[in-house]
Amino acid sequence: MSSVSLASSAAASVPRTLTVLGATGSIGMSTLDVVRRHPGRFRVYALTAGSRARELAALCQEFRPAFAVMADPDAAAELRHLLAALPAAERPATEVLSGERGLCAVAADPAADTVMAAIVGAAGLSPTLAAVRAGKRVLLANKEALVMSGRLFMDAVVASGAELLPIDSEHNAIFQCLPPERVRNLPGAGVTRILLTASGGPFREHSAEQLRSVSPAEACRHPNWSMGQKISVDSATLMNKGLEMIEACWLFNTTPDRIEVHVHPESIIHSMVEYVDGSVLAQLGSPDMRTPIANGLAWPERIDAGVAPLDLFSLGRMHFERPDHERFPCLRLAALAFETGGTAPAVLNAANEVAVEAFLEGRLGFADIPVVIEQTLAKTPVLPADDFATIFAKDAEARRRAREQIERLTV
Ligand code: NAD
Ligand code: MG
């Protein structure tokens, strides 16, 4: 049995070699911030991004990775150009790759032992899976990958012996509250329920009427967490909690009836585990993703994450309430998709991505996001999720149907 030790932050004798998928994003930058604090402990092997070449060029200059990958080929050309234009003394010996093939190549590269999976959305599935199949320590932030392909993804983890560590703050909290050898055997651990906390998002107190007219800027202004745009909107609709419920079912081998969502607006308790003897274990901390990231990077040791200590005296109180399924139907839609099984969660995820994008671009009202998802789920026949090809085909089909729904709603 491995046990969690509260070790000093002294550098491990052999540094971990790290690839960060989605390095320019909110999670990617927080990961590199933790890495920066422990120069002897981590070596950055590869960094990837979607299309922001300038931002990745700056990171390449600082971390001097062997590889950099831009998903977009034009952005890869720009990155090559930016690096080549640097004075020789500052120019890193970084090879630039592009496209999904490049992302999967660095994710599976034997030279790295640890992969932070922090691409947003379905685009992260193939590279994350490549890291899993290569048996890496995979730090999973990209919850959409697991939601889409749950059983196949977890089967791949078991088959390769990959070490999957949850980075989503709630799942990392649950992981910390479980005995390490019983993470996927909750009855054996004496666990009765998981209490999944949710901030409630920026519109927790909005009426159904007010929700109709909220803007993308308001939806992205989360009260406690600073995050990418897509997950910010997901937090505002509560779809984030729906995706997280599915994520928890796969990670901890449980079912939605064993998970209860608690809206906790302060975001100090990151989730809890209830045991048969009446004990409830919680993980608390300032709402800062560097804590779960540092936990995953150093596990089973503990390292400084640069996070402000929790001050319970200034916090004073914590509050808890039940989620309102009427105003926020996404939670119910996610539970329904999980219970339906097969390709339904992949359809839910794809419809949500399309609807959120349309909302962010001002083409769809906030209150219509769940409508698009519900209609897409109703119109997309479910298949058994027996192979990845079927999942990708259903993802594409759901995107087409969701776009049709959006057109119908907005004419
Ligand atoms: P973000 O939008 O800030 O960053 C996304 C990253 O993915 C960027 O580096 C971007 O360049 C890259 N990317 C985007 N599209 C891509 C594509 N098609 N191909 C390759 N790369 C692409 O997102 P984020 O907030 O950092 O979230 C990343 C993931 O982590 C999401 O799955 C999110 O649900 C999860 N997560 C985030 C937080 C948070 O606090 N931000 C917390 C928990 C979980
Ligand atoms: Mg979360």
Side-chain angles (χ1 to χ4, degrees), residues 19-33 46-59 68-73 75-76 79 97-104 106-107 116-128 130 138-148 165-175 196-201 220 222 224-235 238-248 251 261 264 267 269-271 283 286-293 295-296 349 352-353 356-357 360 395:
T19 287
V20 183
L21 304 174
T24 54
S26 165
I27 293 288
M29 294 298 272
S30 292
T31 303
L32 293 172
D33 186 80
L47 296 174
T48 86
S51 56
R52 296 186 216 146
R54 251 172 216 288
E55 289 168 40
L56 197 59
L59 294 176
V69 188
M70 300 292 321
D72 174 32
L79 178 60
L97 307 176
S98 70
E100 191 173 276
R101 187 193 286 246
L103 294 170
C104 292
V106 295
M116 165 56 79
I119 293 174
V120 59
L125 175 54
S126 292
T128 304
V138 178
L139 309 180
L140 186 71
N142 179 208
K143 65 192 88 184
E144 296 92 344
L146 187 55
V147 167
M148 289 172 75
L165 296 175
I167 297 303
D168 215 343
S169 58
E170 297 77 1
H171 306 74
N172 184 266
I174 295 161
F175 178 76
L196 189 68
T197 53
S199 69
C220 290
H222 195 279
N224 305 331
W225 299 94
S226 151
M227 310 181 285
Q229 286 195 317
K230 192 258 176 185
I231 186 175
S232 296
V233 177
D234 285 348
S235 299
L238 285 202
M239 179 53 92
N240 185 48
K241 216 45 58 182
L243 298 176
E244 290 186 357
M245 183 187 281
I246 299 176
E247 182 185 15
L251 286 173
V261 174
H264 162 46
S267 298
I269 295 182
H270 300 304
S271 278
Q283 187 261 352
S286 301
D288 187 324
M289 287 306 295
R290 290 176 301 176
T291 294
I293 289 168
N295 181 261
N349 178 67
N352 181 55
E353 286 190 27
V356 169
E357 191 184 321
L360 284 169
D395 172 90

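Heavy-atom basis, side chains included; hydrogens, waters and symmetry copies ignored. The structure presented is a predicted model; accordingly, all values stated were derived computationally and were not measured. First listed ligand is number 1; within each ligand, the first listed atom is number 1.
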Query - Close side-chain approach of Trp225 to Ser267, heavy-atom, < 4.5 Å - result: yes
Report task. Would you mind reporting whether Ile174 and Pro166 have side-chain heavy atoms less than 4.5 Å apart? Result -> no
Please produce the table of protein N or O atoms sitting under 3.5 Å from N or O atoms belonging to ligand 1, one pair a line, distance to 0.1 Å.
residue	atom	partner	partner atom	Å
ligand 1	3 (O)	Ser26	N	2.9
ligand 1	9 (O)	Gly22	O	3.3
ligand 1	9 (O)	Thr24	N	3.3
ligand 1	9 (O)	Thr24	OG1	2.8
ligand 1	9 (O)	Gly25	N	3.1
ligand 1	11 (O)	Thr24	OG1	3.3
ligand 1	11 (O)	Gly50	N	2.7
ligand 1	25 (O)	Gly228	N	2.9
ligand 1	26 (O)	Ser26	N	3.1
ligand 1	26 (O)	Ile27	N	2.9
ligand 1	30 (O)	Ala141	O	3.4
ligand 1	32 (O)	Glu144	OE1	2.6
ligand 1	41 (N)	Ser26	OG	3.2

Query raised in the report: If only atom types and distance count, is the side chain of Asp288 paired as donor or acceptor with the main-chain N or O of Arg290 below 3.5 Å?
Result: yes
Report task. Using a 4.5 Å cut-off on heavy atoms from C-beta on, say whether the side chain of Ile231 contacts that of Val120. Result -> no
Query raised in the report: So, does Glu353 use its side chain to make a donor-acceptor pair with the main chain of Ala122 at under 3.5 Å?
Result: yes
Query raised in the report: Taking Asn142 for the side chain and Ile119 for the main chain, is one N or O donor matched with an acceptor at less than 3.5 Å?
Result: yes
Query - Ser98 side-chain N/O to Ala71 backbone N/O, donor-acceptor pair under 3.5 Å - result: no
Query raised in the report: Any side-chain heavy atom of Met289 within less than 4.5 Å of one from Ser169?
Result: yes
Query - Nearby protein N/O/S atoms (those under 2.8 Å) for the Mg ion (ligand 2), with water ignored - result: Asp168 OD1, Glu170 OE1, Glu244 OE2
Query raised in the report: Is it true that a side-chain atom of Lys230 and a backbone atom of Glu357 form a donor plus acceptor pair closer than 3.5 Å?
Result: no
